[in-house]
Amino acid sequence: MLTSKERAELRSQATALDTTLMVGKGGVTDAVIAEAENQLDARELVKGKVLEGAMMTPREVCDEICEATGAEGIGVIGTKFIIYRFSEKVQAQRNQSGRAKRKATPVAKANPVRKGAQARRQAARKVREQRNEYFRQMAIDKAIEREREKKLREAD
């Protein structure tokens with residue numbers, strides 16, 4: 001299962017790809033699935049198109065191919081779809097060329113501007129709470145004072 005960031009990265013890679021898998025009026029046949037298998041083994045990322053004569057939507061075609069090949073649907077836009085499946089063959093080529101399997105998901109670095117803003121908000125919240133506590137205590141003291149004065153007046 002891919003994360004949304006990984007999907008977004010694969011979608012951005014797929015924009016440069018040519019459409020290599022075509023699904024026509026015959027729908028998803030054994031030949032289409034076999035071709036998808038070959039392309040997934042060779043490339044990992046495949047862009048396909050559903051022609052107008054097909055009686056299926058691109059989403060249905062994508063789901064069917066993914067189910068048959070064990071791939072994952074990355075996206076469907078208009079009549080085109082993108083599927084992905086990790087390939088050992090491509091991994092071996094990457095290892096020979098020195099490229100890593102997958103880039104590590106970037107860990108969010110501490111943003112000093114955001115940290116400063118958070119610190120200022122926290123300081124302002126603390127001051128506000130202290131001020132509210134002070135006025136709350138003053139109100140309690142005033143209420144006690146009024147009660148004393150009321151009892152003194154009643155006693156007179």
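Everything numeric in this text was worked out from a predicted model, so none of it was measured.
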Please output the side-chain donor-acceptor pairs of residues 56-77 that fall under 3.5 Å, not counting sequence neighbours, one pair per line with the distance.
{"unit_1": "Thr57", "atom_1": "OG1", "unit_2": "Glu60", "atom_2": "N", "d": "3.2"}
{"unit_1": "Glu60", "atom_1": "OE1", "unit_2": "Thr57", "atom_2": "N", "d": "3.1"}
{"unit_1": "Thr69", "atom_1": "OG1", "unit_2": "Ile65", "atom_2": "O", "d": "2.8"}
{"unit_1": "Thr69", "atom_1": "OG1", "unit_2": "Ala71", "atom_2": "N", "d": "3.4"}
{"unit_1": "Glu72", "atom_1": "OE2", "unit_2": "Leu2", "atom_2": "N", "d": "3.2"}
{"unit_1": "Glu72", "atom_1": "OE2", "unit_2": "Arg7", "atom_2": "NH2", "d": "3.2"}

Asp30, CG: over 12 other non-hydrogen atoms inside 6.0 angstrom: no
With a 4.5 Å cut-off on side-chain heavy atoms, are Ile82 and Val46 touching? no
Enumerate donor-acceptor pairs with a distance under 3.5 Å from any side-chain N or O in residues 123-131 to protein atoms, sequence neighbours excluded.
none

Before you tell me yes or no, could you show the steps for Phe81 and Leu21 under side chain to side chain contact (heavy atoms under 4.5 Å, CB included), namely the whole-Å CA-CA distance, both residues' side-chain angles and the distance that decides it to 0.1 Å? CA-CA 9 Å; Phe81 60 91; Leu21 187 65; 4.2 Å; yes
Under 4.5 Å side-chain heavy-atom separation, chaining through any Ile, Leu, Val, Met, Phe, Trp or Tyr, what else clusters with [X]? Say none if it is isolated.
X: Met22; answer: Leu51
X: Val113; answer: none
X: Leu152; answer: none

Please enumerate all residues that pass salt bridge (Lys or Arg N to Asp or Glu O under 4.0 Å) together with Glu88, with sequence neighbours excluded. none
Listed partners of Asp41 passing side-chain hydrogen bond (donor to acceptor under 3.5 Å, both in side chains), at least two apart: Arg85
Backbone of Glu9 reached by a side-chain donor or acceptor of Ser12 within 3.5 Å: yes
Among pairs that include at least one residue of residues 111-124, which meet salt bridge (charged side-chain N to carboxylate O under 4.0 Å, His left out), considering only residues two or more places apart or in two chains? none
Value for CG (Leu17) from NZ (Lys47), rounded to nearest 0.5 Å, stands at 6.5 Å
Out of curiosity, Glu44 CD to Phe86 CZ, how far, rounded to the nearest 0.5 Å? 6.0 Å
Kindly determine whether Arg43 and Val90 satisfy side chain to side chain contact (heavy atoms under 4.5 Å, CB included), including the steps that lead there. CA-CA 7 Å; Arg43 303 180 188 178; Val90 175; 5.7 Å; no
Applying side-chain contact (heavy atoms from CB on, under 4.5 Å), name anything that partners Ala54, two or more places apart in sequence or on another chain. Val50
Excluding sequence neighbours, so at least two apart, what forms side-chain contact (heavy atoms from CB on, under 4.5 Å) with Ala42? none
Flag yes if Ile33 and Val23 sit in one hydrophobic cluster, no otherwise; membership is Ile, Leu, Val, Met, Phe, Trp, Tyr, and two members link when side-chain heavy atoms are under 4.5 Å apart. yes
Without hydrogens or angle criteria, can the side chains of Glu35 and Gln39 be said to hold a donor-acceptor pair below 3.5 Å? yes
Taking distance alone, no hydrogens or angles, what donor-acceptor pairs closer than 3.5 Å link side-chain atoms of residues 137-151 to residues at least two apart or in another chain?
{"unit_1": "Gln137", "atom_1": "NE2", "unit_2": "Asp141", "atom_2": "OD1", "d": "3.3"}

